[in-house]
**Student:** 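Have a look at the structure that comes next, please.
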2 protein chains.
Amino acid sequence: MDSRKEQILKAIIKEYIFGAEPVSSKTIVNRYGLNVSSATIRSEMAALETLGYIKQPHISSGRVPAASGYRYYVDYLMDSDNILNEFNLLDVNTNNLKDINNYLKEVAIILAGLSNYTVIITEEKQGEDKIHHLKLVGLLEDKALLVLVLSSKKVKDYVLSFMEKISDDDLIKLTDILNYHLIDKNLDSITLELKQEILNIFPDSPLLVDEIFKIILIALNEEKNVDFIVEGMKNIFKLPEFNEVKKIESFINTLGDQERVSKIFDNILGQEKGKIDIKIGDEIGIEELIDFTVIATNCSFCDGIQGKIGIIGPTRMFYEKNITLLESLFKKKEE
Amino acid sequence: MDSRKEQILKAIIKEYIFGAEPVSSKTIVNRYGLNVSSATIRSEMAALETLGYIKQPHISSGRVPAASGYRYYVDYLMDSDNILNEFNLLDVNTNNLKDINNYLKEVAIILAGLSNYTVIITEEKQGEDKIHHLKLVGLLEDKALLVLVLSSKKVKDYVLSFMEKISDDDLIKLTDILNYHLIDKNLDSITLELKQEILNIFPDSPLLVDEIFKIILIALNEEKNVDFIVEGMKNIFKLPEFNEVKKIESFINTLGDQERVSKIFDNILGQEKGKIDIKIGDEIGIEELIDFTVIATNCSFCDGIQGKIGIIGPTRMFYEKNITLLESLFKKKEE
DNA sequence: ATTTAGCACTCTCAGACTTAAAGTGCTAAA
DNA sequence: TTTAGCACTTTAAGTCTGAGAGTGCTAAAT
């Protein structure tokens, strides 16, 4: 790859990213003045095609970048983009962080708006959670709040409705008993026997204890299930190359399938925060996303929660802009 | 409208609902044996067309129901459908109702699956909420939970992180002060002066008081904003008549726009629970949904929360099935 | 007064053909 | 090594054609 070939490859890619149409030798001469004729460009293009960096949709058309062309571009040719360094993405509504999911959703919506692509965010679940401690807080005559503090420092809570009257004293007593027996217990160690043991000590409200056990199991189980926030899917309608019902259906269905979507983050599993991963076309490993590129990174959110963010767009993505977007997000988090 | 015309209209509609293709006079003779020839059907069809109940996509094609044809069908011709009376829709995960939104989302997903159309659910916000009372519950050294019980009996809570150390005694003291001043206050009456008053009595943690005020304002404000849960949009890909990118884009964009979507429920505002409202085509009042039908009803969920559910599908909807679906949902709620 | 057989008419859909435009590859000369 | 020139290929859009589906109308039958 001599420098002129690189210049031409870069020109083809920039042109194609912008216009989504095959790029002709003449266009390159006109817009990227290399002081050679279109014939020269043509022979260079033939060489680039042999190298696998570009291809022709049909024999007499202009050239389109191949996946390996984008890869070469990303690895060696890309300019960095300084325009976007002043994001303040994480000022989003930082007051109301009780529900991490709402927060992540807002981040996703904003990122999708800025990128004009689709954004996927997922919270990283770390191993098994235990009960750090719990509290029962009386609210109204017939309601109390069960607050669970988990070993991951996450707080979860649930409203309980009583059939039977329960006094504040009883609530305190029950809280003590539950804490005594449940602290440091994980999903597996919350057994029927344990429940029986507690029922023996506190036989007053068997239904309530039952309910509490159910909720705890659900809460701990929830912590094992990763879920994905996907925003900006409708941005696909802005891309002329996906102007077919089949393609849109396949895209929407694929991003609705958590199992497939999780593959998007395979490369950054266990990587350090801030490292930007770029997967182009089949590098993603999802057949239906062969015409897409994913830019992803690990990220930490408020309260030390770990997560992953991915931007998914066409292979002819505005790489610089979106890489900078994720980088700036990361920087903000660190300061 | 004599009985034979009604039979023919019904046949055309049933046939079109099933096949999404113009219905010919011959098809009716073959499948709905009315003991007349196709020529007779044709002259009846011409009459039905004059009445506005059916129309022809082009001059020499079969007939397609017009909006008023569906309306006539729904009002006078429809069979009721008893097949679906054993739904147990509301057994969904009823243990984990802390977050009403998650619950509604699950209901929407299940209904979308059963109907094969798109389901919209919204929680009804009733007027202005006040603070019934609040509690501060210590969790970890540097964290507490602010629990707000609203006059609507809704419980909302938020994790607070302290900069400064706060003792349990201080939390109790602050709780008392806040309750004394904030009980029965609504969004408008939580003023700067009020905050100042509290700061005068409890000057120890100005930042914390600040934070709590912010959160309360957000919480009360949230109660004013209705939001919509939309599930099953991708079912549109199963409908051959929407097999065009433009149509799908318009549908998805329209359902993403809360202002327009809220119109779907206009007819059932203030109606009694369980009343099923059917809006066909332009009756919906949303230009982009001219080819859709909405079936909607008021509904009450767990803990007495009021909501609205709508099923949105093509005008050639399986009316009986989806009406029964919503009705059975309502019945289950009541028992 | 209705119903129906028969036929002319209309429209769609798919395939074949045509032409203009865009772009390439190759060759021979610079 | 570069380039001008030209033959060649392909697409995209337009036109034509014939088959098929379905109607509306008319005149005869019930």
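Sequence lines set the chain letters: A, B, ... in the order given, protein chains first and strands last, and positions in each chain run from 1.
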**Student:** For DNA chain C, which ranges pair as stems of 3 or more consecutive Watson-Crick or G-U pairs, with both donor-acceptor distances under 3.5 Å?
**Tutor:** C:1-30 with D:1-30

**Student:** List in chain and number order the residues that pass ring pair (Phe, Tyr, Trp, His ring centres under 6.0 Å) with A:F18, two or more places apart in sequence or in another chain; answer none if no residue qualifies.
**Tutor:** none

**Student:** Which residues in residues 15-48 of chain A have a heavy atom closer than 4.0 Å to any atom of DNA chain C?
**Tutor:** A:V23, A:S24, A:S25, A:R42, A:M45

**Student:** Listing request: all salt bridge (charged side-chain N to carboxylate O under 4.0 Å, His left out) pairs with a residue in residues 65-74 of chain B, at least two apart in sequence or in separate chains.
**Tutor:** B:R71-B:D75, B:R71-B:E283

**Student:** For B:K5, I'd like to know if atom NZ has over 12 heavy atoms of other residues, nucleotides or ligands within 6.0 Å.
**Tutor:** yes

**Student:** Rounded to the nearest angstrom, tell me the gap between atom CD in A:Q56 and atom P in C:dA22.
**Tutor:** 17 Å

**Student:** Using distance only, find each side-chain donor-acceptor pair of residues 237-244 of chain B under 3.5 Å and give its atom names and separation, not counting sequence neighbours.
**Tutor:**
{"unit_1": "B:K238", "atom_1": "NZ", "unit_2": "B:N116", "atom_2": "OD1", "d": "2.7"}
{"unit_1": "B:K238", "atom_1": "NZ", "unit_2": "B:N235", "atom_2": "OD1", "d": "2.9"}
{"unit_1": "B:E241", "atom_1": "OE1", "unit_2": "B:R316", "atom_2": "NE", "d": "3.3"}
{"unit_1": "B:E241", "atom_1": "OE1", "unit_2": "B:R316", "atom_2": "NH2", "d": "3.3"}
{"unit_1": "B:E241", "atom_1": "OE2", "unit_2": "B:R316", "atom_2": "NE", "d": "2.6"}

**Student:** Roughly, in whole Å, what's the span from CG in B:D2 to P in C:dT2?
**Tutor:** 10 Å

**Student:** Should A:K263 and A:D266 count as an ion pair when the cut-off is N to O under 4.0 Å?
**Tutor:** no

**Student:** Enumerate the residues from residues 61-69 of chain B whose closest heavy atom to DNA chain D is under 4.0 Å, giving them by residue number; use none for an empty result.
**Tutor:** B:S61, B:G62, B:R63

**Student:** Residues two or more places apart in sequence or in another chain: which of them pass salt bridge (Lys or Arg N to Asp or Glu O under 4.0 Å) with A:D257?
**Tutor:** A:R260

**Student:** With sequence neighbours left out, what residues match A:E6 under salt bridge (Lys or Arg N to Asp or Glu O under 4.0 Å)?
**Tutor:** none

**Student:** Partners of A:K234 by salt bridge (Lys or Arg N to Asp or Glu O under 4.0 Å), sequence neighbours excluded?
**Tutor:** none

**Student:** Can you list everything that forms a side chain to side chain donor-acceptor pair (under 3.5 Å) with A:E21? Sequence neighbours excluded, please.
**Tutor:** none

**Student:** Any carboxylate oxygen within less than 4.0 angstrom of a Lys/Arg side-chain nitrogen, looking at A:D79 and A:K14?
**Tutor:** yes

**Student:** Which residues pass the ring pair (Phe, Tyr, Trp, His ring centres under 6.0 Å) test with A:F251, not counting sequence neighbours?
**Tutor:** A:F292

**Student:** So do A:I252 and B:M233 actually touch side chain to side chain, heavy atoms under 4.5 Å?
**Tutor:** no

**Student:** What string of B, S and - do you get for nucleotides 8-18 of chain C 5' to 3' if you count protein non-hydrogen atoms under 4.0 Å?
**Tutor:** --BBS------

**Student:** Would you indicate whether the side-chain heavy atoms of A:L34 and A:I28 approach each other to under 4.5 Å?
**Tutor:** yes

